Amino acid sequence: MTYCVGLKLNSGLVFMSDTRTNAGVDNISTFRKMFTWEGPGERSITVMTAGNLATTQAVISLLNERAKPAEDRGNPSILEAPSMFQVAKLVGETLREVIKTQSGQDGPEAEATFSATIILGGQIKGAPPRLFLIYPEGNFIEASDDTPFFQIGETKYGRPILVRAFDPEMSFEDAVKLLMVSFDSTIKANLSVNLPLDLHVYTADSLKHGTMTRIEKDDPYFNVISMGWGDALKHAFNSLPPYSFTT
């Protein structure tokens, strides 16, 4: 399992993903789940993946292969698509193609062994930043004012903090803090999600990659957030009035 989140802010996009992949408690590995493509001054694209590792790696490999010069690939490229909508369509078609090939069936089912989901975000010159959630069937939805963030993987433990605290006007610094709390809550509740975490902060209209970093297990700020959030929850709980059994 995994956990990935993409936030759409007024100032840009923020992406965070964990790196744990497991096939049982005795087979745990670390794999990158965030991938980026860039045409400086023209576009910046970020993809995060969750699901069957063989499927997601095959999708990324195909996207990389098709990002080569036209004479070397002979396929549509996400670096040449005229809009983020078209990029989402290409990524969805690639995902569906891979699942269909690996499953040996006419098409994927959401519950299939080779299932995967993808968060795609970025910006192409002349249009605003956009964020998409792509399903195993290849179809997708776009973030909006009503749905300003997407999660994939082990989503339920980290969702409450996002629902309660997310604000599209928040700063990048506050957005990263919010994501760290969301990831810490997920890590505490589920062993299939863990550090290191990958982070990418994209500034709207920059048309190039922004801050990209890996948050390791000994990261001092993450540890401060983890301990501080736990203490804050205990304080908030203790400050609530006790339940009364009297009528």
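Only heavy atoms go into these numbers, but all of them, side chains included; no hydrogens, no water, no symmetry mates. Bear in mind that the values here come from a model prediction, so they are computed numbers and not experimental data.
Considering CD1 of Ile45 and CZ of Arg130, their distance stands at 12.0 Å, rounded to 0.5 Å. Distance CE/Met34 to CG/Leu197: 9.0 Å, rounded to 0.5 Å. The structure places CZ of Phe132 at 8.5 Å from NZ of Lys8, a figure rounded to the nearest 0.5 Å. Thr117 contributes atom OG1, which lies 11.5 Å from atom CG of Asn52 (distance to the nearest 0.5 angstrom). A distance of 12.5 Å separates CG of Leu62 from CD of Glu93, quoted to the nearest 0.5 Å. Summarising the geometry, atom CD belonging to Glu169 is positioned 10.0 Å from atom OG belonging to Ser11; distances are rounded to the nearest 0.5 Å.
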Carefully, step by step, assess Leu195 and Asp18 under the rule side-chain contact (heavy atoms from CB on, under 4.5 Å).
CA-CA 6 Å; Leu195 287 84; Asp18 87 316; over 6 Å; no
Evaluate side-chain contact (heavy atoms from CB on, under 4.5 Å) for Phe35 paired with Met48, printing each intermediate quantity in order.
CA-CA 6 Å; Phe35 307 89; Met48 296 185 292; over 6 Å; no
Before you tell me yes or no, could you show the steps for Lys68 and Glu80 under salt bridge (charged side-chain N to carboxylate O under 4.0 Å, His left out), namely the whole-Å CA-CA distance, both residues' side-chain angles and the distance that decides it to 0.1 Å?
CA-CA 10 Å; Lys68 294 179 179 180; Glu80 295 179 354; over 6 Å; no
Worked verdict on Asp198 versus Lys33 for salt bridge (charged side-chain N to carboxylate O under 4.0 Å, His left out)
CA-CA 8 Å; Asp198 287 324; Lys33 301 164 189 176; over 6 Å; no
Let's go through Arg96 and Glu137 carefully: what are the C-alpha distance in whole Å and the side-chain angles of both, what is the deciding distance for salt bridge (charged side-chain N to carboxylate O under 4.0 Å, His left out) to 0.1 Å, and is it a yes or a no?
CA-CA 6 Å; Arg96 180 177 175 84; Glu137 295 83 1; over 6 Å; no
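Side chain of Thr147 to backbone of Ala143: no donor-acceptor contact under 3.5 angstrom is found. In terms of modelled atom types and a separation under 3.5 Å, the side chain of Asp184 and the main chain of Met180 share no donor-acceptor contact. The backbone N or O of Val5 sits nowhere less than 3.5 Å from a side-chain atom of Gln151 that would complete a donor-acceptor pair. Within the 3.5 Å criterion, the main-chain N or O of Thr203 finds a donor-acceptor partner in the side chain of Ser206. The main-chain N or O of Ala127 is found under 3.5 Å from a side-chain atom of Gln123 such that the two form a donor-acceptor pair. Side-chain atoms of Ser17 do not come within 3.5 Å of backbone N or O of Cys4 as any donor-acceptor pair. Between the Thr21 side chain and the Ser29 main chain, no donor and acceptor come within less than 3.5 Å of each other. One N or O on the side chain of Arg20 and one on the backbone of Leu191 form a donor-acceptor pair closer than 3.5 Å. Checking side-chain atoms of Arg43 against main-chain N and O of Ala81 turns up a donor-acceptor pair under 3.5 Å. Asn223 places a side-chain N or O within donor-acceptor distance of the main-chain N or O of Asp219, the cut-off being under 3.5 Å.
Contact annotation: the side chain of Arg214 never approaches that of Leu199 to less than 4.5 Å [non-hydrogen atoms, C-beta and beyond]. Taking the side chain as every heavy atom from C-beta outward, Val59 and Thr56 never approach each other to under 4.5 Å. Put simply, the side chain of Ser226 reaches to within 4.5 Å of the side chain of Lys188, judged on heavy atoms. By the 4.5 Å heavy-atom criterion applied to side chains, Leu120 and Leu131 are not counted as neighbours. The shortest side-chain heavy-atom distance between Glu42 and Ile124 falls under the 4.5 Å cut-off. Considering only heavy atoms from C-beta on, Leu133 stays 4.5 Å or farther from Phe149 through its side chain. At least one side-chain heavy atom of Leu179 sits under 4.5 Å from a side-chain heavy atom of Leu7.
Checking Trp229, Tyr3, Phe222, Tyr157 one by one against Phe183, the ring pair (Phe, Tyr, Trp, His ring centres under 6.0 Å) holds for a single residue, Tyr3. Partner of His200 under the side-chain hydrogen bond (donor to acceptor under 3.5 Å, both in side chains) criterion, out of Thr36, Thr213, Thr46: Thr46 alone.
Between the side chains of Asp146 and Ser144, no donor-acceptor pair is found at a separation under 3.5 Å. Side-chain atoms of Thr55 and Gln102 form a donor-acceptor pair, as typed in the model, at a separation below 3.5 Å.
Residues passing the side chain to side chain donor-acceptor pair (under 3.5 Å) test with Asn194, sequence neighbours excluded: none.
Heavy-atom minimum distance, Ala67 versus Ser77: CA-OG, 3.5 Å. Nearest heavy atoms, Val193 versus Glu154: CG2-CB, 3.9 Å. Closest of all the heavy-atom pairs between Ala165 and Leu178 is CB-CD1, 3.6 Å. Pairing each heavy atom of Pro196 with each of Thr19, the nearest pair is O-OG1, 2.8 Å. The two atoms that bring Ser182 and Gly158 nearest to each other are OG-O, 2.8 Å, heavy atoms only. Considering all non-hydrogen atoms of both residues, Ala50 and Thr2 come closest at CB-CG2, 3.1 Å.
By the neighbour-count criterion of 12 heavy atoms within 6.0 Å, atom CE of Met227 is sparsely surrounded, having that number or fewer from other residues, nucleotides or ligands. Sparse packing is recorded around CG of Asp145, with 12 or fewer heavy atoms of other residues, nucleotides or ligands lying under 6.0 Å away. More than 12 heavy atoms of other shown residues, nucleotides or ligands fall within 6.0 angstrom of atom CD in Glu216. Counting non-hydrogen atoms of other residues, nucleotides and ligands closer than 6.0 Å to NZ of Lys156 gives a total above 12.
Under the 4.5 Å side-chain heavy-atom criterion for grouping Ile, Leu, Val, Met, Phe, Trp and Tyr, Ile99 is connected to Ile134 within one hydrophobic cluster. No single ILVMFWY cluster, assembled from side-chain heavy atoms under 4.5 Å apart, contains both Phe172 and Tyr202. There is no path of hydrophobic side-chain contacts, each under 4.5 Å, that joins Leu13 to Trp37. Note: the hydrophobic cluster containing Leu63 does not contain Ile119 (ILVMFWY, side chain heavy atoms under 4.5 Å, direct or indirect links). Using a 4.5 Å cut-off between side-chain heavy atoms of Ile, Leu, Val, Met, Phe, Trp and Tyr, with links allowed through other members, Ile141 and Val47 fall into different hydrophobic clusters.
Checked against the 6.0 Å centroid threshold, Phe140 and Tyr135 do not count as a close aromatic pair.
Under 4.0 Å is where a charged nitrogen must lie from a carboxylate oxygen, and between Arg66 and Glu97 at least one such pair does.
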